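A short worksheet on the structure shown next.
Throughout, numbering of the chain's residues begins at 1 and tracks the sequence. Quantities reported herein were computed from a predicted structural model and do not represent experimental measurements.
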Amino acid sequence: MPIRFIGIDPNTGDHESPTVWVDEEEQELVLQGWKPGPELEAECAAFRVPGHAAGIPEHEAVVRIPARMVSVIREACDALERTERLR
């Protein structure tokens, strides 16, 4: 099943397009956002959670999503919850 488009940053221009999709089969949010600057990425990589290795694994990424997209992310979460109930 293909991913389902939920929404795009309402303030998007020609060159910026933070976007949210849902993958209902995998039950995952799929987010496109801005790459963090080196300082933010280093701060995220240094963050420690008990029982979890520090750093950002090679197969993961940090992205920035603007707060104005909270409603779009909520919509995506609701969509995933609905599909999970149907399983």
Side-chain angles (χ1 to χ4, degrees):
M1 175 180 252
I3 60 175
R4 180 162 55 113
F5 172 78
I6 299 296
I8 193 167
D9 180 356
N11 290 359
T12 195
D14 290 342
H15 302 291
E16 297 184 6
S17 54
T19 306
V20 178
W21 300 268
V22 295
D23 181 329
E24 293 171 339
E25 186 172 309
E26 296 296 324
Q27 289 291 287
E28 296 174 340
L29 296 176
V30 180
L31 304 173
Q32 174 184 327
W34 301 303
K35 292 180 181 181
E39 297 85 15
L40 178 59
E41 192 166 73
E43 184 177 349
C44 291
F47 192 79
R48 297 214 176 256
V49 175
H52 192 281
I56 302 166
E58 191 63 35
H59 65 279
E60 295 182 8
V62 173
V63 296
R64 299 180 69 110
I65 304 292
R68 63 184 167 264
M69 292 187 67
V70 166
S71 63
V72 176
I73 295 168
R74 279 192 190 115
E75 182 181 342
C77 291
D78 291 345
L80 286 178
E81 284 183 338
R82 284 190 298 274
T83 60
E84 180 62 21
R85 280 185 240 135
L86 295 174
R87 289 179 171 216

Task: Nearest non-hydrogen partners of Ala54 and Arg48, listed with the distance - done: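 Closest approach of Ala54 to Arg48: CB-NH1, 3.2 Å.
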Task: Audit row: Trp21, Asp23, side chain to side chain contact (heavy atoms under 4.5 Å, CB included) steps and yes/no - done: CA-CA 7 Å; Trp21 300 268; Asp23 181 329; over 6 Å; no
Open item on the list: I'd like to check the side chain to side chain donor-acceptor pair (under 3.5 Å) partners of Arg82; sequence neighbours left out, ordered by chain and number.
Closed with: none
List for me each residue that meets side chain to side chain contact (heavy atoms under 4.5 Å, CB included) alongside [X], sequence neighbours excluded, and say none if there are none.
X     : value
Glu39 : none
Glu41 : Pro36, Ile56
Arg68 : Asp9, Pro10, Asn11, Trp34, Pro66
Ser17 : Ile8, Thr12, Thr19, Gln32

Open item on the list: Check for me, please, whether Val63 and Leu29 land in the same ILVMFWY cluster - side-chain distances under 4.5 Å, paths through other members count.
Closed with: yes
[X] side, atom [atom1]; [Y] side, atom [atom2] - distance, nearest 0.5 Å:
X     : Y     : atom1 : atom2 : result
Ile73 : Ile65 : CD1   : CD1   : 5.5 Å
Glu25 : Arg4  : CD    : CZ    : 14.0 Å
Gln27 : Glu81 : CD    : CD    : 9.5 Å

- [ ] Only one of Leu80, Ile3, Val30, Thr83 passes side-chain contact (heavy atoms from CB on, under 4.5 Å) with Val22; say which it is.
- [x]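 Output: one option passes, namely Leu80.
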TODO: Scan residues 50-66 for pairs that pass salt bridge (Lys or Arg N to Asp or Glu O under 4.0 Å), counting only residues two or more places apart or in two chains.
DONE: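 Listed by first then second residue: nothing to list.
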Open item on the list: Are more than 12 heavy atoms, taken from residues, nucleotides or ligands other than Phe47, located less than 6.0 Å from that residue's CZ atom?
Closed with: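 No, CZ of Phe47 has 12 or fewer neighbouring heavy atoms, counting only those of other groups under 6.0 Å.
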